[in-house]
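What follows is a set of notes on a single structure, which appears directly below.
Throughout, protein chains are lettered first and strands after them, A, B, ... in sequence-line order, and every chain is numbered starting at 1.
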There are 2 protein chains.
Amino acid sequence: MRRPTLDTVARQVGVSRATVSNAYNRPDQLSARLRERIIETAKQLGYAGPDPVARSLATQRAGSVAFMLCDGLSSAFSDPALSIVLDALAATVDSGDRALLLLPGVSEGGPRAQSVIRAQTDVVVAYSLPDDAPALRAVRERALPLVVVDQPIVPGSAIVRVDDFGGARLAARHVLDLGHRRVAVLGFGLSADGHRGPATPERVEKAHFRVTLDRYAGYLDGLAEQGIVAGEVPFWEAPGSVRELGREGARWLFGLRPRPTAVLCMSDELALGAVRAADELGLAVPGEVSIVGFDDTPAASWGVPSLTTVRQDLVEKGRQAGALALRMLDGARPGRPVTIGVKLQVRGSTAPAPA
Amino acid sequence: MRRPTLDTVARQVGVSRATVSNAYNRPDQLSARLRERIIETAKQLGYAGPDPVARSLATQRAGSVAFMLCDGLSSAFSDPALSIVLDALAATVDSGDRALLLLPGVSEGGPRAQSVIRAQTDVVVAYSLPDDAPALRAVRERALPLVVVDQPIVPGSAIVRVDDFGGARLAARHVLDLGHRRVAVLGFGLSADGHRGPATPERVEKAHFRVTLDRYAGYLDGLAEQGIVAGEVPFWEAPGSVRELGREGARWLFGLRPRPTAVLCMSDELALGAVRAADELGLAVPGEVSIVGFDDTPAASWGVPSLTTVRQDLVEKGRQAGALALRMLDGARPGRPVTIGVKLQVRGSTAPAPA
DNA sequence: CAGCGTAACTGAAGCGCTTCAGTTCTCGCT
DNA sequence: AGCGAGAACTGAAGCGCTTCAGTTACGCTG
């Protein structure tokens, strides 16, 4: 005995299949009494409504938004920024009656191409993927509409980004204003190769991550206002926005001579790791070293000291990404990139440079 | 000019549709040369392989595992335990060639029934939902296989749970052994009503969350060994496993007279909030108050002081849930509940009771 | 009362794919 | 030469639903 279908119900009630379909999808197309009878019969037969897959085939819409991310879920969600963006995105697409299909990355390079090819989805949102992610090729092959968050730049896709350059420059100017002149950068990886260590000019040259590059450039641009040049600014690459990695990088930075008095971090998580490293080395924050984060996640204001950081509106970012995805579905053109603004949030982790 | 289909390719190559299908799905059914020609032609036509939705309809498998959670994503992922479980789950189902469909909750009660009814999925995993979640009814109506993580108890579903009772008892015994006699509980909500405040016996009576109840019972059971009874154990309900809520609850608990010397927390996040509250009130941890967490998330070992906590193997939990989901798909019976073991992880947040 | 608009319902053509029972052809073996 | 086995490929029947162009019947208008 098979599961009931539209047909089973139709026959039982003695109407056509179309009518049963209408009972579920266009109540105005039949009399209320008949509709009620149909629903009632369906319930008795254990029919739970039109099969979603068959409906998708007939309507030519999968009804889901795929979300691709670079790493696996656990490392991804240790980045609180992602949770916030994803939540806002989910709320937006859900209210548009679509589900969220999650495609986590494998081994740093994003999801497998195969996962994308088999995904039942109408549109995909790529969250901060490397330029050469195989998943992106697959998206193009399937000719699916694409919304890119942060990076990379993909022709024909809609884009939501943050003013990384401007934000980083704000951070740099801030420490400059406080009198700091020996400034270091604690940042994300330049490429998806898991490199962990000081960045070399060559690596900067052939970087794959726009965000890393833009923030780095923003820092340098700001610092240039006091004549500080790239060569004087140590830059540690951490292959992920994780506290532990920030701690490790900061340790190295604090070991340099002359020791930097300010560390510009590309995320709050890295910054919190840096604070920890300073603690462990007996360096007072912000007395001896100032630390600036990026993102303004909840943890930034929670900690002791609270974090001076570059605030980006993460909820807005997720919402915009969702809205763009929905709009792309209606066949809208990608349009201009949406840029989320930033501002400096001064708190307790920065202070005038020590004498 | 429409998108190409199997048929387009078949006609172009001059073979039957079945053969093209075989080229993608059963390479052994045709000669390598023909297969190559087909793939080549497909590429030229811009055909990216069989349409996933149509394939699903034909094969009668949606190819995805739905994951339902109680809250929205952002609050959900502020619970690091979830990230870990979800990641392990994702890895397991992905290797089984299935995608993860995320169904976040709305307003504390889990996902909407409608979301479940329209979900293209073969099996659903429910993560710590309240007993009366409408989504669960929808799952039953659709007769989808169900794997429940933690709670509630649903007849006919597979279950992955943790030895909550035993773990809680371990925590209670630990503080007892250290000489504590005034012990408080800082826990999750008993029902999905967002209640925030001291728990009353009536609320305990008609609780909806098994986990909260079991842990509470475990604490009491342990404490009973020194003759401590429920009435002597203040219990604050926090409507979520969030640091800020833990802090608030702990404040209240620390305001009681006589002040508890030990606080048993149902999660590490709550415990970290309690540590913070103690700090702010000038209470030394563990000198004046001991605090025990639950879960052993990364944050537990990271903080100062590090957290004494009940460790559950979260990765294993996610993996088991994934494996069960996959097995249910093959028509396996639910079987006995899988219980993940716990053990006490003693660290720096507990010490002998003050004299 | 003819004419017409509308509400209520139906028939049938897809949506794009898989799969199974054939059919044909080739080749090795006796 | 004859036979059988296997390889290579095909035809057609679904999978369960939506949708659109009709068809019927009915009440209303002039």
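- Of the candidate nucleotides dC17(D), dC9(D), dA13(D), dA13(D) has the atom lying nearest to any side-chain atom of Arg17(B).
- In this model, the phosphate group of dG16(D) is approached by a side-chain N or O of Arg2(A) to a distance below 4.0 Å at OP1 or OP2.
- One atom, CZ of Arg35(B), and another, C1' of dC9(D), lie 16 Å apart when rounded to the nearest Å.
- Taking only side-chain atoms of Asp51(A), from C-beta outward, the nucleotide of dC17(C), dT10(C), dG16(D) with the closest atom is dG16(D).
- In this structure, Asn22(A) does not reach the dA8(C) phosphate: none of its side-chain N or O atoms is under 4.0 Å from OP1 or OP2.
- In summary, Glu40(B) and Lys43(B) do not engage in a salt bridge, as defined by a charged side-chain N under 4.0 Å from a carboxylate O.
- When distances run from any side-chain atom of Leu30(B) to the nucleotides dG16(C), dC17(C), dC9(D), the shortest one goes to dC9(D).
- As a whole-Å value, the separation of Arg37(B) CZ from dA8(D) C1' is 13 Å.
- The Leu34(B) side chain lies nearest to dC9(D) when the options are dT19(D), dC17(D), dC9(D).
- With Asp71(A) contributing its side chain and Gly105(A) its backbone, the two residues share no donor-acceptor pair below 3.5 Å.
- Mapping Ala32(B) and Ala54(B) onto DNA chain D by nearest heavy atom places Ala32(B) at the nucleotide closer to the 5' end.
- A salt bridge links Asp7(B) with Arg11(B): the closest approach of a Lys/Arg side-chain nitrogen to an acidic carboxylate oxygen falls below 4.0 angstrom.
- Out of dC9(D), dC20(C), dC17(C), the shortest distance to the side chain of Thr19(B) is found at dC9(D).
- Within the 4.0 Å cut-off from OP1 or OP2 of dG16(D), not a single side-chain nitrogen or oxygen of Arg3(A) is found.
- Following rounding to the nearest Å, Asp7(A) (CG) and dG14(D) (C1') show an atom-to-atom distance of 13 Å.
- Look at CZ on Arg55(B): it is 17 Å from C1' on dG14(D), rounded to the nearest Å.
- In the set dT19(D), dA12(D), dC17(C), the nucleotide with an atom closest to the side chain of Leu6(B) is dC17(C).
- In this structure, Gln60(B) reaches the dG16(D) phosphate: one of its side-chain N or O atoms is under 4.0 Å from OP1 or OP2.
- Between the CG atom of Asp28(A) and the P atom of dA7(C) there is a distance of 10 Å, given to the nearest Å.
- Residues Leu45(A) and Pro4(A) share a closest heavy-atom pair of O-CG, 3.4 Å.
- For dT19(C), one of the phosphate oxygens OP1 or OP2 lies less than 4.0 angstrom from a side-chain nitrogen or oxygen of Arg26(B).
- Following rounding to the nearest Å, Arg11(A) (CZ) and dC17(D) (P) show an atom-to-atom distance of 12 Å.
- The side chain of Ala18(A) lies closest to dT10(C), out of dC17(C), dT10(C), dT18(D).
- An OP1 or OP2 oxygen of dG16(C) is reached within less than 4.0 angstrom by no side-chain nitrogen or oxygen of Tyr24(B).
- Contact annotation: the side chain of Leu129(A) approaches that of Pro152(A) to within less than 4.5 Å [non-hydrogen atoms, C-beta and beyond].
- Contact between Arg142(B) and Ile117(B) at its shortest, heavy atoms only, is NH1-O, 3.3 Å.
- Proximity note for Leu57(A) (side chain, C-beta onward) versus dG16(C), dC17(C), dC20(D): the nearest is dG16(C).
- Between the CD1 atom of Ile38(B) and the C1' atom of dA8(D) there is a distance of 11 Å, rounded to whole Å.
- Distance CZ (Arg33(B)) to C1' (dC9(D)): 15 Å, rounded to an integer number of Å.
- Listed nucleotides dG16(C), dT19(C), dG14(C) differ in distance to Ser21(B); the shortest reach to its side chain belongs to dT19(C).
- With dT10(D), dG16(D), dC9(C) as the choices, the nucleotide that has an atom nearest any side-chain atom of Ser16(B) turns out to be dT10(D).
- Contact annotation for Ser31(A): backbone-only contact, meaning every heavy-atom pair under 4.0 Å involves sugar-phosphate atoms and none involves a base.
- Among the atoms of the strands shown, none is found under 4.0 Å from any heavy atom of Val53(A).
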